[in-house]
Amino acid sequence: MRCEAFEAIVTDLSRPEALDQETRAGALAHAARCPRCSRTLAAAKALSAELEELAAQTAAAEPPRRLEHALRAAARQRKSAPRITWSRIGAAAAVLAVMALLAAGYLRHARPAGPAPATSATATDATRAGDYIPLGYGEASESDVVLVVRVKLPAAMLTGLGWAGDAGTGGGTELLQADVVLGQDGVARAIRFVE
Amino acid sequence: MRGMPGASDEDLLRRLRSGDEPAATALYVRLGGAVYRFALRMSGSPAVAEDVTQEVFLALITRPERFDAARGSLASFLYGVARNTVLRRLERERLYAPWGGDASRRSDADPLAGLIRRERVGLVWRALLALPPHYREVVVLCELEHLSYAEAADLLGCAVGTVRSRLHRGRELLGEKLKALDPARDDVPRGRLEWNT
């Protein structure tokens with residue numbers, strides 16, 4: 001073995017898996033004969049010993065206990081916070097469509113029997129103006145709201161439940177659109193009908 | 001119980017995905033120390049190591065689906081995330097003077113010898129932290145974490161030959177930096193390493 005070849009593999013000598021037995025023996029035999037490569041080998045060994053010492057001194061280092069507490073808290077929080085997935089959104093939209101129907105029925109019963117006075121802002125007027133109607137399933141706040149889902153409802157179904165809008169003009173076959181506000185727990189917070 | 005020795009990493013991950021807190025704790029107990037030590041050796045700073053470890057495990061807890069078992073072990077995945085996080089921190093911040101180590105754990109019969117050894121280790125760490133990150137990470141993985149070339153290559157996403165050449169060059173640079181830090185340094189082996197000589 002020549003000195004150049006020895007220098008190219010001197011780092012590998014400390015790693016059993018890096019060299020075959022024959023190459024290793026050849027390299028060590030060369031270092032035994034060559035003073036220069038003997039020094040190179042000694043330097044490599046010295047460096048490895050110092051790195052080993054550094055590894056040993058840091059081997060017992062452990063993260064502080066507070067880190068485990070913080071991560072456990074994060075795991076708990078993740079478990080309690082529902083994850084918003086497309087399947088959940090779809091399911092929520094279906095549930096909300098039903099809720100919207102129920103809300104429309106409730107509004108019909110809440111309205112006075114006669115025509116509303118022009119100055120009174122009825123719930124129906126509000127929806128036609130595009131305002132959200134709180135659904136009363138939970139407290140709504142800006143930080144809570146995570147998603148607004150647009151759903152389509154058959155007008156005939158709304159008419160049947162007392163919707164007093166223009167549902168009848170299309171024979172009850174057209175679809176009405178509604179925006180539903182979902183909270184972090186997937187429950188609807190408010191709804192509005194879109195013209 | 002904390003490390004759940006009977007359960008495999010895959011079992012624990014499955015449970016973690018369904019929000020099981022003890023599984024998250026068990027994975028942290030198993031692998032948190034290794035991630036912390038890697039970050040500490042790369043950065044020289046316990047504070048950075050703590051932050052990195054927290055980021056790595058938060059990522060695992062909040063998005064466990066990012067780990068793909070077909071691409072390697074969980075330990076490799078966590079090392080990879082830790083490595084990227086450390087490198088981002090190193091890019092943002094200045095290098096740190098190395099932490100003094102846990103000297104209290106070592107008992108030296110000769111206090112002077114112990115002091116000299118700790119000084120020498122501190123010097124090696126300073127030289128290591130002065131290496132460019134792509135050399136430093138290979139030296140840390142192969143020399144301090146004792147990974148094979150193949151394991152390090154897998155973790156770094158490069159060829160085994162690249163790891164080998166970077167380690168060779170990294171060690172050369174380390175030797176030069178140690179000489180610069182301590183001109184009186186000799187190259188006489190001090191350790192007990194056996195290289196079949």
Side-chain angles (χ1 to χ4, degrees), chain A residues 7-19 21 23-25 27-32 38-83 85, chain B residues 16 18-25 28-29 32-33 35-37 40-41 46 49-50 53-54 57-58 61-62 99 101-103 105-106 117-118 120-121 123-125 128 139 142-146 148-150 164 167-168 171-172 174-175 178 185-193 195-197:
Chain A
E7 284 168 10
I9 62 166
V10 66
T11 302
D12 300 331
L13 285 171
S14 66
R15 313 187 73 82
E17 84 281 2
L19 291 176
Q21 202 56 44
T23 310
R24 176 184 302 276
L28 294 174
H30 171 78
S38 178
R39 281 196 301 275
T40 303
L41 180 61
K45 282 184 174 182
L47 184 59
S48 289
E50 286 171 327
L51 287 167
E52 196 58 43
E53 188 74 31
L54 173 58
Q57 280 212 7
T58 49
E62 288 289 338
R65 199 59 193 262
R66 63 175 174 269
L67 196 49
E68 182 178 331
H69 296 314
L71 291 168
R72 287 171 65 173
R76 267 197 304 277
Q77 198 174 13
R78 179 175 181 267
K79 188 179 182 182
S80 60
R83 300 173 64 204
T85 61
Chain B
L16 174 64
S18 58
D20 188 86
E21 182 199 325
T25 304
Y28 174 75
V29 168
V35 169
Y36 177 82
R37 281 187 291 279
L40 177 66
R41 288 161 172 170
E50 183 180 342
T53 308
Q54 178 159 339
F57 280 89
L58 270 180
I61 288 168
T62 54
W99 169 62
D102 197 350
R105 289 178 187 268
R106 295 187 66 89
R117 179 159 54 228
R118 281 195 295 278
R120 203 165 58 228
V121 168
L123 215 59
V124 172
W125 208 351
L128 178 65
V139 173
C142 293
E143 301 285 0
L144 305 185
E145 306 283 327
H146 301 115
S148 68
Y149 289 162
R164 189 171 169 272
L167 180 64
H168 189 73
R171 283 177 56 108
E172 274 181 358
L174 200 54
L178 278 167
R185 167 190 160 83
D186 56 30
D187 290 331
V188 177
R190 301 182 183 90
R192 299 174 303 281
L193 287 185
W195 286 12
N196 299 336
T197 54

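Residue numbers begin at 1 in each chain, while the letters A, B, ... track the order of the sequences.
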State, to 0.1 Å, how close A:A8 and A:D12 come at their nearest heavy-atom pair, and which atoms those are. O-OD2, 4.4 Å

Give me the atom names and distance for the closest heavy-atom approach of A:L13 to A:L41.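 Distance-wise, the nearest heavy atoms are CD1-CD1, 3.8 Å.
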
Hey, which of B:A49, B:G33, B:C142 has the most heavy atom pairs under 4.5 Å with chain A?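 The candidate making the most pairs under 4.5 Å is B:C142.
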
If you tally heavy-atom pairs under 4.5 Å against chain A, which of B:G32, B:G175, B:S148 wins? B:S148

Between [X] and [Y], is there a donor-acceptor pair closer than 3.5 Å when you use the side chain of the first and the backbone of the second?
X      : Y     : result
B:R171 : A:A44 : yes
B:H168 : A:V10 : no
B:R41  : A:A55 : yes

Heavy-atom contact with chain A under 4.5 Å, split by part of [X]:
X      : value
B:V139 : side chain
B:L128 : side chain
B:A24  : side chain

Side chain, backbone, both or neither: which part of A:A59 has a non-hydrogen atom closer than 4.5 Å to chain B?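 Contact with chain B is through both the backbone and side chain of A:A59.
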
